[in-house]
K.L.:
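Sharing a structure, written as structure tokens. Questions coming.
Being a predicted model, the structure only gives us computed values, none of them experimental.
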Amino acid sequence: MAEAEVRTAVPADAAEIGRIQLSTWRTSYGGILPDEVLERLDRDDTERQWAEAIGEDSSTVLLALEGGWPVGFCAGGKAPGGESADAHGGVPEDADTVGLVSALLVEPRWGRRGHGGRLLWHLAERLRAEGLTRAITWIPEADEASMSFYRGIGWEPDGTVRTLDAGGRPVRELRLTGGLDLRLA
């Protein structure tokens, strides 16, 4: 494998992050999201949204590279108040120390090379440095690859479910949670 690294994204990376997101969603989410939703995704809008996210103080956006080529990204930060609530709206005792992994995508052609694990490890290190102790993420229930990845590092569904409207079609997501003391294999 060529040299792999993870670094903090800068505004100039927004176009590549957008490209990775669109490419990955169109390749991997074809059976999860309706085709018309995937077809309507706009490269310029996606790039603009990532440029804004990279500029936010409350979010960390990391970029994985292999041989200097961007192959994946991860974003996260402290979980907003309502994100860590249970299905009944109850706030857990550790709500102030919960992080949120809002995105973790590696282009399928670069998958199974350790990039996802490296991205999450670096994000976990940053979240721990902010005093956070665990994190949550939302995964489409039908996304078996992501479920397998998170379960492989010890994260599990916590019983909280949400349903999103994806162009008139419901997409059910499970919330997973796990510790931030990760070990790279």
Side-chain angles (χ1 to χ4, degrees), residues 17 20-38 40-41 46 49-50 53 58-62 64 72-108 110-112 114-124 126-128 132-185:
I17 290 171
I20 292 167
Q21 179 179 350
L22 294 179
S23 170
T24 302
W25 279 24
R26 287 178 176 146
T27 301
S28 301
Y29 286 2
I32 297 171
L33 298 175
D35 290 341
E36 56 273 10
V37 169
L38 294 170
R40 281 196 310 258
L41 294 173
T46 304
Q49 291 168 358
W50 281 111
S58 62
S59 181
T60 296
V61 181
L62 302 173
F73 69 92
C74 183
K78 186 175 182 328
E83 287 287 332
S84 61
D86 65 26
H88 305 290
V91 178
E93 289 182 18
D94 69 345
D96 289 337
T97 63
V98 177
L100 172 67
V101 178
S102 55
L104 174 58
L105 292 174
V106 174
E107 280 189 276
W110 297 99
R112 310 209 49 88
H115 298 297
R118 276 188 291 281
L119 282 162
L120 190 57
W121 183 86
H122 282 277
L123 180 61
R126 296 205 183 177
L127 296 177
R128 285 185 17 217
L132 304 180
T133 59
R134 71 177 175 99
I136 57 175
T137 193
W138 293 93
I139 302 296
E141 186 175 39
D143 183 352
E144 295 175 10
S146 293
M147 286 291 178
S148 177
F149 169 80
Y150 280 103
R151 283 190 157 142
I153 61 163
W155 288 29
E156 292 291 336
D158 67 5
T160 307
V161 177
R162 69 181 180 190
T163 303
L164 304 178
D165 179 3
R169 183 168 122 199
V171 174
R172 184 176 149 109
E173 290 188 321
L174 305 180
R175 188 175 68 191
L176 282 70
T177 188
L180 295 173
D181 189 17
L182 305 178
R183 302 282 183 250
L184 286 176

K.L.:
Under a 4.5 Å cut-off applied to non-hydrogen side-chain atoms, are Phe149 and Val106 in contact?
P.N.:
no
K.L.:
Starting at OG1 of Thr46, measure out to CD1 of Ile20 and round the result to the nearest 0.5 Å.
P.N.:
12.5 Å
K.L.:
Find the distance between CZ (Arg118) and CG (Leu62) and round it off to the nearest 0.5 Å.
P.N.:
13.0 Å
K.L.:
Are side-chain heavy atoms of Glu141 and Glu173 found at a separation under 4.5 Å?
P.N.:
no
K.L.:
Check Leu180 against Arg128 and note the closest heavy-atom contact, atom names and distance.
P.N.:
O-CD, 3.2 Å
K.L.:
Between Gly30 and Leu38, which heavy-atom pair has the shortest distance, and what is it?
P.N.:
CA-CD1, 3.8 Å
K.L.:
Nearest 0.5 Å, please: how far is NZ in Lys78 from CG in Leu127?
P.N.:
11.0 Å
K.L.:
If you define the side chain from C-beta out and look only at heavy atoms, does anything of Tyr150 sit under 4.5 Å from Val101?
P.N.:
yes
K.L.:
To the nearest 0.5 angstrom, please state how far the OG atom of Ser148 sits from the CD1 atom of Ile139.
P.N.:
11.5 Å
K.L.:
Test your reading of the model: is there a side-chain donor-acceptor pair from Thr163 to the backbone of Val171, 3.5 Å cut-off?
P.N.:
no
K.L.:
Which heavy atom of Ser84 sits nearest to which heavy atom of Ala95, and what is that distance?
P.N.:
OG-CB, 3.8 Å
K.L.:
Counting distance only, does the side-chain N/O of Arg175 pair as donor-acceptor with the main-chain N or O of Asp158 below 3.5 Å?
P.N.:
no
K.L.:
Please say whether more than 12 non-hydrogen atoms of neighbouring residues, nucleotides or ligands are located less than 6.0 Å from CD in Glu144.
P.N.:
no
K.L.:
Hey, does Val37 have a side-chain heavy atom less than 4.5 Å from the side chain of Arg169?
P.N.:
no
K.L.:
Evaluate Trp25 against Ile32 for side-chain contact (heavy atoms from CB on, under 4.5 Å), listing each step before the verdict.
P.N.:
CA-CA 9 Å; Trp25 279 24; Ile32 297 171; over 6 Å; no
K.L.:
Does the Arg40 side chain pair with the main chain of Gly167, one donor and one acceptor, at a distance under 3.5 Å?
P.N.:
no
K.L.:
Give the minimum heavy-atom separation between Leu132 and Gly99, together with the two atoms involved.
P.N.:
CD1-CA, 3.7 Å
K.L.:
Is the closest side-chain heavy-atom distance between Leu104 and Thr137 below 4.5 Å?
P.N.:
no
K.L.:
Would you name the heavy atoms of Leu119 and Phe73 that are closest together and state the gap between them?
P.N.:
CD1-N, 3.6 Å
K.L.:
Locate the shortest heavy-atom distance separating Pro157 from Leu176; write the atom from each residue and the value.
P.N.:
N-CG, 3.8 Å
K.L.:
If you measure from CG on Leu22 to OG1 on Thr27, what distance do you get to the nearest 0.5 Å?
P.N.:
10.5 Å
K.L.:
Side-chain contact, heavy-atom cut-off 4.5 Å: Leu174 with Met147?
P.N.:
yes
